[in-house]
Number of protein chains: 2
Amino acid sequence: MFEKYVRLLKESQIKITPQRLEILKYLDEHRTHPTVEKIYSELKENNPALSKTTVYNSVDILLNHGLIQSITISGSELRYDFKRGMHHHFLCKKCGEIIDINVECPKLGSMLECGHEVVEVHGYFKGICKKCINKKKEKN
Amino acid sequence: MFEKYVRLLKESQIKITPQRLEILKYLDEHRTHPTVEKIYSELKENNPALSKTTVYNSVDILLNHGLIQSITISGSELRYDFKRGMHHHFLCKKCGEIIDINVECPKLGSMLECGHEVVEVHGYFKGICKKCINKKKEKN
DNA sequence: AATAATTTAGTAATTATTACAAATGTGGTT
DNA sequence: AACCACATTTGTAATAATTACTAAATTATT
């Protein structure tokens with residue numbers, strides 16, 4: 001059930017707690033780029049004692065050890081995403097959904113040679129998503 | 001002095017007010033990606049009556065008309081940037097500075113053909129900037 | 001099982017942003 | 001130039017997201 005996450009935490013030398021396991025598992029199984037609020041309210045259902053502070057603390061430590069990444073696309077709040085291969089994000093301004101975009105930029109290498117030490121790369125696109133475009137068409 | 005900004009506001013059919021002119025001018029002349037707080041405290045020096053709400057309102061309307069863009073790279077607060085050719089941003093995790101990165105991704109066109117209607121494109125890089133790397137070297 | 005250090009929960013404090021209403025300023029008209 | 005309808009500015013209050021802090025509980029180790 002949790003072996004995968006126990007292993008990930010051990011590899012990163014992070015102390016194992018049920019809360020961290022649940023949060024990491026939640027992010028792995030829900031690639032919806034949730035906010036702290038969302039993670040908190042979802043996990044609180046099975047663990048009513050859960051504290052929001054714990055969610056903040058946990059995502060912080062998972063983030064610092066590179067097990068998850070933070071997404072700043074929406075401006076008003078941070079969102080989190082289980083770390084896997086590089087991908088970008090599209091924010092629909094109509095429905096608010098954040099959709100994964102899988103592309104690789106061939107120029108990326110040269111971008112990285114700017115003299116700065118680049119650790120993170122984020123591509124954010126914004127506009128109207130496919131679904132919302134189709135909804136609009138149906139109405140007409 | 002303000003002709004350029006008067007023209008820009010007129011073209012966008014935004015009502016001209018001294019506050020909007022000052023804010024637009026400030027963003028044009030200070031490409032430092034300032035926060036609302038920064039814009040407010042800087043402009044308050046010459047206009048003590050300035051209200052922070054006005055800065056929020058003004059950047060909102062300038063944003064909605066495409067005269068400026070918002071940057072969500074730092075997560076905790078929105079930053080603003082006078083609109084010009086496309087460029088990306090690098091956030092130094094040490095000194096917090098946000099540096100412009102001028103690159104064009106040749107794959108961008110194909111990225112845009114994902115079925116979604118793409119309106120905005122943002123590239124965010126994070127790491128340690130040139131200056132901070134050199135500072136570290138000097139210490140050793 | 002005992003221990004030392006870390007983490008959790010819960011509340012309070014802080015920061016960024018939005019909501020609101022009265023006072024003022026804008027652009028167009030006479 | 002004065003008038004007017006409407007939009008904007010101020011200033012304060014409210015909300016939302018995050019951080020600070022401390023006692024109680026839990027973790028990994030002895």
Side-chain angles (χ1 to χ4, degrees), chain A residues 2 5-24 26 33-65 67-68 70-80 96 98, chain B residues 2 5-24 26 33-65 67-68 70-80 96 98:
Chain A
F2 286 101
Y5 310 108
V6 169
R7 183 160 24 86
L8 283 170
L9 293 182
K10 271 194 180 150
E11 282 169 5
S12 296
Q13 308 198 24
I14 303 172
K15 208 159 273 188
I16 290 154
T17 72
Q19 292 87 342
R20 289 173 182 176
L21 289 171
E22 288 287 359
I23 290 167
L24 192 52
Y26 182 83
H33 323 97
T35 59
V36 162
E37 184 61 40
K38 177 71 176 170
I39 300 169
Y40 170 69
S41 62
E42 290 284 314
L43 296 183
K44 202 173 172 62
E45 304 219 337
N46 285 318
N47 175 11
L50 181 67
S51 166
K52 201 180 282 186
T53 305
T54 300
V55 181
Y56 275 105
N57 287 340
S58 300
V59 294
D60 266 5
I61 199 167
L62 296 175
L63 191 62
N64 289 335
H65 286 80
L67 293 174
I68 64 176
S70 66
I71 298 175
T72 58
I73 194 169
S74 61
S76 56
E77 80 268 293
L78 284 168
R79 292 167 174 278
Y80 296 91
I98 294 172
Chain B
F2 286 100
Y5 311 107
V6 170
R7 183 162 22 86
L8 283 171
L9 293 183
K10 271 194 181 150
E11 282 169 6
S12 295
Q13 307 198 22
I14 303 173
K15 208 158 274 189
I16 290 153
T17 72
Q19 291 87 341
R20 289 174 182 174
L21 289 171
E22 287 287 0
I23 290 167
L24 192 53
Y26 182 81
H33 322 97
T35 59
V36 162
E37 183 60 40
K38 177 71 176 169
I39 301 169
Y40 170 69
S41 62
E42 289 284 314
L43 296 184
K44 203 172 171 63
E45 304 218 336
N46 285 317
N47 174 12
L50 181 65
S51 165
K52 201 180 283 187
T53 305
T54 300
V55 181
Y56 275 105
N57 287 340
S58 299
V59 294
D60 266 5
I61 200 167
L62 295 174
L63 192 61
N64 290 335
H65 286 81
L67 293 174
I68 65 175
S70 67
I71 297 175
T72 59
I73 194 170
S74 61
S76 56
E77 78 270 291
L78 285 168
R79 292 167 173 277
Y80 297 91
I98 294 172

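- Between the CG atom of A:Leu62 and the P atom of C:dT7 there is a distance of 11 Å, given to the nearest Å.
- Taking CG from A:Leu67 and OG from A:Ser58, the interatomic distance works out to 12.0 Å, rounded to the nearest 0.5 Å.
- At the heavy-atom level, B:Thr35 lies nowhere under 4.0 Å from the strands shown.
- Protein atom CZ of A:Arg20 is 11 Å distant from nucleotide atom P of C:dT6, rounded to whole Å.
- Going from atom CD1 of B:Ile16 over to atom C1' of C:dT24 covers 18 Å, rounded to whole Å.
- Each of C:dA16, C:dA9, D:dT9 was ranked by its minimum atom distance to the side chain of B:Glu77; first place goes to C:dA16.
- Atom CG in A:Leu50 sits roughly 14 Å away from atom P in C:dT11 (whole-Å rounding).
- The pairing partner recorded for D:dT30 is C:dA1, the criterion being a Watson-Crick or G-U wobble arrangement whose two distances lie under 3.5 angstrom.
- In this entry the distance linking CD1 of A:Ile14 with P of D:dA28 reads 12 Å, nearest Å.
- Nearest nucleotide to the side chain of B:Lys15, out of C:dG27, C:dA9, D:dT10: C:dG27.
- In plain terms, the two heavy atoms of A:Ile23 and A:Leu62 that are nearest each other are CG2-CD1, 4.1 Å.
- The heavy-atom pair separating A:Lys15 from A:Arg20 by the smallest distance is O-NH1, 2.8 Å.
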List the steps and the verdict of side-chain contact (heavy atoms from CB on, under 4.5 Å) for A:Leu78 and A:Val36. CA-CA 8 Å; A:Leu78 284 168; A:Val36 162; over 6 Å; no
Provide a list of protein-nucleic acid N or O atom pairs under 3.5 angstrom, restricted to nucleotides 19-26 of chain D.
residue	atom	partner	partner atom	Å
D:dA20	N6	A:Thr53	OG1	3.4

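- If you measure from atom OH of A:Tyr40 to atom P of D:dA16, you get 15 Å, rounded to the nearest angstrom.
- Taking each heavy atom of A:Ser51 and A:Tyr40 in turn, the nearest pair found is C-CE1, 3.7 Å.
- Across all non-hydrogen atoms, the minimal contact from A:Phe2 to A:Glu22 is CZ-OE2, 3.6 Å.
- Comparing A:Gly75 and A:Val55 along DNA chain C, the residue whose closest nucleotide (by nearest heavy atom) sits nearer the 5' end is A:Val55.
- Rounding to whole angstrom units, OH of residue B:Tyr80 and P of C:dT17 are separated by 6 Å.
- Here the side chain of B:Ser51 is nearest to one of C:dA9, D:dG11, C:dG27, namely D:dG11.
- For C:dG25, neither phosphate oxygen OP1 nor OP2 lies less than 4.0 angstrom from any side-chain nitrogen or oxygen of B:Gln19.
- Between A:Gln13 atom CD and C:dT7 atom C1' the separation is 18 Å, expressed in whole Å.
- Annotation for A:Gly75 and B:Thr72: closest pair CA-CG2, 3.6 Å, computed over non-hydrogen atoms.
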